[in-house]
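Reviewing the structure listed below.
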Amino acid sequence: KKQEIDALLSEAMNSLTFEERQEQQEVLHGVAKGIAEEASFIDKALRELDAHIIRTKAGSVYEIAERMNPAYVNSRAFRIMFLRGNRYDTKASANQMISFFEVKQ
């Protein structure tokens with residue numbers, strides 16, 4: 001089973017161009033090129049993150065955390081941390097925030 005997975009991964013990596021392979025290696029090792037963080041870009045991402053959270057937080061531990069310490073949960077810096085960690089994928093960031101509070105509970 002492990003050999004099959006290794007073979008599939010190897011085949012996938014070999015099918016990439018040098019540049020694509022280099023980019024994947026940088027992502028893997030956490031040294032990928034950053035995203036330009038202009039204020040308007042961050043503000044838009046935060047609004048989208050809020051929209052995703054509003055749609056998914058009902059009945060979750062996130063709501064409890066929000067009631068207990070709204071300054072922490074709604075902190076701009078705290079939310080940006082999740083956005084950066086998910087390369088500004090707002091839906092993934094919202095899901096990770098909710099999961100974070102479930103684990104923290």
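Index from 1, following the sequence.
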With hydrophobic residues grouped by side-chain heavy-atom distances under 4.5 Å, do I64 and F100 end up in a single group?
->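 Different clusters.
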
Do Y62 and F78 belong to the same hydrophobic cluster, where Ile, Leu, Val, Met, Phe, Trp and Tyr are linked whenever their side-chain heavy atoms lie under 4.5 Å apart, directly or via other members?
->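 Looking at the clustering, F78 is in the same group as Y62.
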
[atom1] of [X] to [atom2] of [Y]: how many Å apart, nearest 0.5 Å?
X	Y	atom1	atom2	answer
E23	R21	CD	CZ	12.5 Å
I53	E66	CD1	CD	8.0 Å
N95	N86	CG	CG	9.0 Å

Looking at every heavy atom in both [X] and [Y], which two are closest together, and how far apart are they?
X	Y	answer
V73	M97	O-CE, 4.1 Å
L49	L83	CD2-CG, 4.1 Å
P70	M68	CD-C, 3.8 Å
H52	A94	CB-CB, 3.5 Å

Give a yes or no answer on whether the side chain of [X] reaches the backbone of [Y] with a donor-acceptor pair at less than 3.5 Å.
X	Y	result
S93	F82	yes
S60	K57	yes
R79	L46	no

Of all pairs that satisfy salt bridge (Lys or Arg N to Asp or Glu O under 4.0 Å), the ones with a partner from residues 1-17, not counting sequence neighbours =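 Every salt bridge (Lys or Arg N to Asp or Glu O under 4.0 Å) pair that includes a residue of residues 1-17, provided the two are not neighbours, is K2-D6.
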
Pairs involving residues 91-105, ordered by first then second residue, that meet salt bridge (Lys or Arg N to Asp or Glu O under 4.0 Å) (sequence neighbours left out) |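 Not a single pair qualifies under salt bridge (Lys or Arg N to Asp or Glu O under 4.0 Å).
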
N-O pairing of D43 and R76 below 4.0 Å |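 So D43 pairs with R76 through a salt bridge.
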
Stepwise side chain to side chain contact (heavy atoms under 4.5 Å, CB included) test for V61 and I98 = CA-CA 7 Å; V61 178; I98 291 170; over 6 Å; no

Indicate yes or no: at least one non-hydrogen side-chain atom of Q25 is less than 4.5 angstrom from one of M13.
->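 Side-chain contact under 4.5 Å: yes.
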
Assign the ring pair F101 / Y72 to parallel, tilted or perpendicular, where the plane angle (0 to 90°) is split at 30° and 60°.
->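 Perpendicular, since the angle between the ring planes exceeds 60°.
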
